[in-house]
Every structure is written in structure tokens, then in C-alpha cells.
Amino acid sequence: QKEVEQDPGPLSVPEGAIVSLNCTYSNSAFQYFMWYRQYSRKGPELLMYTYSSGNKEDGRFTAQVDKSSKYISLFIRDSQPSDSATYLCAMSFDQAGTALIFGKGTTLSVSS
Amino acid sequence: EPEVTQTPSHQVTQMGQEVILRCVPISNHLYFYWYRQILGQKVEFLVSFYNNEISEKSEIFDDQFSVERPDGSNFTLKIRSTKLEDSAMYFCASSEFGVPYEQYFGPGTRLTVT
């Protein structure tokens, strides 16, 4: 089973807020966990990836993976209007050429 | 910064016609992928390609679909006889050898089947 669930939102926050985006999954064999950002009618843009469990920080973005709960999160600090987009979680097995399995995406709107 | 490019950006075709979608992956990448996204739906994996062979394909990728790397730079997706339900955004992606999780996507081709 390759299901990845993500609340589609929409999520509206004021500028400067901390945003929390989440995904759950069912297949415990997933090893890589990615977050992509997608603007309307554009291709997904890779933001961050995490291997197995743990945290990873990149500027205002922090990704967390809890494999025991099959739950991943992306936190955005000091959100900006330019962060307004759809955020997609994606997962894969540890295998060359393997598929990314995406969530449906959460639409975020940050107002100034 | 290197990027994946796709042509055309929008393709309109009639049901039953063949279409070829083209992609130029990032030059030092060795794995190539096609995904599709039906309006309002998830991005779905179609196929991955490495060393002139299909590595993995999904249930969506049936006999109507084929992929090819006709030369050293292009990667194509062919749909032999399009159906209305093939209308979607088609994304090409590529990744380096050894880092399959870092897949970089192109801007997509919007396919409309009438």
C-alpha cells in the first residue's frame, strides 16, 4: 500500500505566523521524505528531504519525521506572502529510480 | 542553475490521436521520470527510466504509453491513442545517480484531449 494523506486546506495565516503542514502515511518501508512547493500551474519545486526519522532545518523551514507514528511535518517560521503556494509531501523507498508517492498538497495563503 | 525543460507547454489533441511530450533533463542526471497531475488531484508517478530501460512503472502506464531517450539530451513520453481521461499536466523529472529522492521537476505540459 502506498497511501499518503495530507489535509488539502486551504490554510490562511497572517504574515509572520508559524505554519505547520503535516502528512501521514501507511507504508513503514518509506525511507525518504520530501517536501515540494508548487505554484499554480507550475512544476513541483524540491524544498527539503529527510532520510528516516529526525529533524532537518534550512533557513525558515524545518522538516520533521516521526517514523514510529508515520507522521511528517514541515514548519515555516516567519511566513511571508511569497510562501503562498501548495505544499506537497512526497515519500519514497530507498531504491534507485523509485517513484515518489505524493500527498494531495496543502494550499497555503499568507496575507500581508 | 540547471533545470528540466519541457515542450510544448500546452498541447491540445483530439481523442484517439497520438501525442509526444518532450523533456530535456538536467545534463548530468541519469534517472528520468514522468508524472502526471489531473486537475485537483495528486501528482501520480507514471514511469522511471535509467540506462535506456524502464526501471519502474505504475498501473497507469499501460500499453498506450511509451518512453524513449532518442538522443543524448531528450526524453519523450508518447501516448498512442489519447483518451479524454488523459487530460492532465504531465511533468518530467530527473535525478542524479545515487540520489533518487532528489528529483527535479520541469514546468509541465498541459495536455487537453477533446
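Here is the naming used below: chain letters follow the sequence lines, and residue numbers restart at 1 for every chain. All of these numbers come straight from a predicted model, not from anything done at the bench.
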Q) Would you find more than 12 non-hydrogen atoms of other residues, nucleotides or ligands less than 6.0 Å from B/Asp62 atom CG? A) yes

So, the part of B/Tyr35 with a heavy atom under 4.5 Å from chain A: the answer is side chain

request  = Give a yes or no on whether A/Ile101 and A/Phe33 share a hydrophobic cluster (residues Ile, Leu, Val, Met, Phe, Trp, Tyr; joining criterion: side-chain heavy atoms under 4.5 Å apart).
outcome  = yes

request  = Give a yes or no on whether B/Phe45 and A/Phe93 share a hydrophobic cluster (residues Ile, Leu, Val, Met, Phe, Trp, Tyr; joining criterion: side-chain heavy atoms under 4.5 Å apart).
outcome  = no

Here the gap from A/Arg41 atom CZ to B/Gln37 atom CD, rounded to the nearest 0.5 Å, amounts to 10.5 Å

Within the supplied structure, the quantity of interest is the number of heavy atoms (other residues, nucleotides, ligands) at a distance under 6.0 Å from B/Leu84 CG; does it exceed 12? yes

Okay, A/Gln6 and chain B: the region with an atom under 4.5 Å from a heavy atom over there is neither

Checklist entry - Does CD belonging to B/Glu85 count more than 12 external heavy atoms closer than 6.0 Å? => result yes

So, the part of A/Ser92 with a heavy atom under 4.5 Å from chain B: the answer is side chain

Applying a strict 4.5 Å limit to non-hydrogen atoms, the region of A/Tyr36 in contact with chain B is side chain

query: Out of curiosity, does B/Val43 fall in the hydrophobic cluster containing A/Leu47 (side-chain heavy atoms, cut-off under 4.5 Å, transitive links)?
result: no

Chain A shares the most heavy-atom pairs under 4.5 Å, among B/Pro107, B/Cys92, B/Ser55, with B/Pro107

Okay, B/Tyr31 and chain A: the region with an atom under 4.5 Å from a heavy atom over there is side chain

When rounded to the nearest 0.5 Å, the distance separating CG of A/Leu88 from CZ of B/Phe105 is 8.5 Å

The interface call for A/Lys104 against chain B, heavy-atom contacts under 4.5 Å, is both

Is there a path of hydrophobic side-chain contacts, each under 4.5 Å between heavy atoms of I/L/V/M/F/W/Y residues, joining A/Phe102 to A/Val65? no

Heavy-atom nearest pair, B/Gln103 first then A/Leu46, reads O-CB, 4.4 Å

The interface call for B/Tyr33 against chain A, heavy-atom contacts under 4.5 Å, is side chain

With a 4.5 Å cut-off on side-chain heavy-atom distances among I, L, V, M, F, W and Y, is there a chain of contacts connecting B/Met89 to B/Leu21? no

